[in-house]
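Notes for the one structure printed next.
Basis for what follows: all heavy atoms, side chains included, without hydrogens, waters or symmetry-related copies. Positions are given from 1 along the sequence.
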Amino acid sequence: MELLTLALTEAELGLGGWLLKPLIGLALPIGTNYVRGNRLELTDKVSPMPGDILLYQTRGEKIRAFIQEQIVQAEPPVVLIAHSLGGIACVDLLVQQQLSQVELLVTVGSQAPFLYEINAFYSLEYGQLLPEHFPEWLNIYDLRDFLSYVGNRIFPERVQDVRVDSRQPFPRSHGAYWTNAKTWEAIISRLP
């Protein structure tokens with residue numbers, strides 16, 4: 001009952017809340033006016049990343065088809081190395097298609113586990129298991145990369161997570177995997 005009350009009403013925050021409440025009351029109209037006056041510029045700055053994900057979620061079949069074409073043309077054994085949204089697309093494809101020539105999937109800085117956990121994954125509803133035909137999966141993440149997620153907690157015994165530390169602040173950490181020796185050591189040690 002307490003959790004429901006907190007979710008539906010404003011929580012009393014004690015002395016700190018009493019002091020902050022008037023400041024928040026002043027800041028909200030100022031923030032609203034700022035966003036209203038700069039909406040187009042702010043939208044242009046923030047929309048590329050969520051826009052890419054939304055585009056993929058609604059029209060990802062062409063991307064998955066392109067990846068599948070590349071796999072079919074490659075000489076086995078195939079190792080897929082995919083970064084960020086590419087990891088999402090590769091997981092989707094490998095859930096939907098049994099591509100036996102793929103022996104290893106490497107996702108780097110991927111949001112695939114997160115999308116699955118919030119039931120927003122295209123090919124797999126939350127609660128469903130990865131299919132038996134799904135290849136070995138290496139997932140590389142960095143705690144400083146807020147767009148990377150651990151996979152083994154979501155898919156126990158199906159994902160091997162390797163943590164690297166780029167020592168780069170976000171968002172640089174999201175692209176810093178490729179210059180990190182630990183990333184390449186993790187990949188090379190698992191090549192077929």
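- Rounded to the nearest 0.5 Å, atoms CG (N139) and OG (S148) are 8.0 Å apart.
- Counting heavy atoms from C-beta on, the side chains of L54 and T58 never come closer than 4.5 Å.
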Assess whether side chain to side chain contact (heavy atoms under 4.5 Å, CB included) is satisfied between N152 and R158, documenting all intermediate values.
CA-CA 7 Å; N152 190 271; R158 296 300 303 273; over 6 Å; no
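- With a 6.0 Å radius and a threshold of 12 heavy atoms from other residues, nucleotides or ligands, E157 has its CD atom at or below the threshold.
- When ring centroids are compared, F121 and Y126 stay outside the 6.0 Å threshold.
- Residues meeting the salt bridge (Lys or Arg N to Asp or Glu O under 4.0 Å) test with R64, sequence neighbours left out: none.
- Nearest heavy atom pair, residue P135 against residue V102, reads CB-O, 3.4 Å.
- No single ILVMFWY cluster, assembled from side-chain heavy atoms under 4.5 Å apart, contains both L99 and V106.
- In this structure the side chain of L85 reaches within 4.5 angstrom of the side chain of I88, judged on heavy atoms.
- I81 has its side chain out of reach of T107: every pair of non-hydrogen atoms, C-beta onward, lies at least 4.5 Å apart.
- Two residues are said to be in side-chain contact when any heavy atoms from C-beta on lie closer than 4.5 Å; V79 and E103 fail this criterion.
- Aromatic ring centres of Y141 and Y149: separated by at least 6.0 Å.
- Here F134 contributes atom CZ and L93 contributes atom CG; the two are 9.0 Å apart, rounded to the nearest 0.5 Å.
- Between E75 and V78, the shortest heavy-atom contact is O-CG2, 4.1 Å.
- Note that CG of L138 and OG of S189 are 7.5 Å apart. Values are rounded to the nearest 0.5 Å.
- A donor-acceptor pair is defined here as one N or O able to donate and one able to accept, closer than 3.5 Å; no such pair exists between the side chain of H133 and the backbone of Q96.
- Between D161 and V159, the closest side-chain pair of non-hydrogen atoms falls below 4.5 Å.
- The hydrophobic cluster of L129 has no other members, since no ILVMFWY side-chain heavy atom comes under 4.5 Å of it.
- Here CG of D145 is found 10.0 Å from OG of S110. Values are rounded to the nearest 0.5 Å.
- Side chains of W137 and Q160 form no contact here, defined as non-hydrogen atoms less than 4.5 Å apart.
- Under a 3.5 Å cut-off, the side chain of Q128 and the backbone N or O of E125 do form a donor-acceptor pair.
- Here the straight-line distance linking atom OG of S173 with atom CZ of R144 works out to 8.5 Å at 0.5 Å rounding.
- A donor-acceptor pair under 3.5 Å is formed between the side chain of Q111 and the backbone N or O of G109.
- Taken from NE2 in H83 to NE2 in H174, the straight-line distance is 4.0 Å, to the nearest 0.5 Å.
- Counting heavy atoms from C-beta outward, Y116 and V91 have side chains that stay 4.5 Å or more apart.
- Judged by distance alone, with hydrogens and angles left aside, the side-chain atoms of S166 form a donor-acceptor pair with the main-chain N or O of Q168 at under 3.5 Å.
- Atom CZ of R167 is surrounded by 12 or fewer heavy atoms from other residues, nucleotides or ligands within 6.0 Å.
- Residue V108 comes nearest to Y177 through the heavy atom pair CG1-CG, 3.2 Å, listed as atom of the first residue, atom of the second, then distance.
- T183 pairs with exactly one of I140, I188, D142, V162 by the side chain to side chain contact (heavy atoms under 4.5 Å, CB included) rule, that one being I140.
- The two residues C90 and A82 come nearest to each other via the heavy atoms SG-CB, 3.8 Å.
- Inter-residue side-chain proximity for L80 and L104 is flagged as unmet; no heavy-atom pair is nearer than 4.5 Å.
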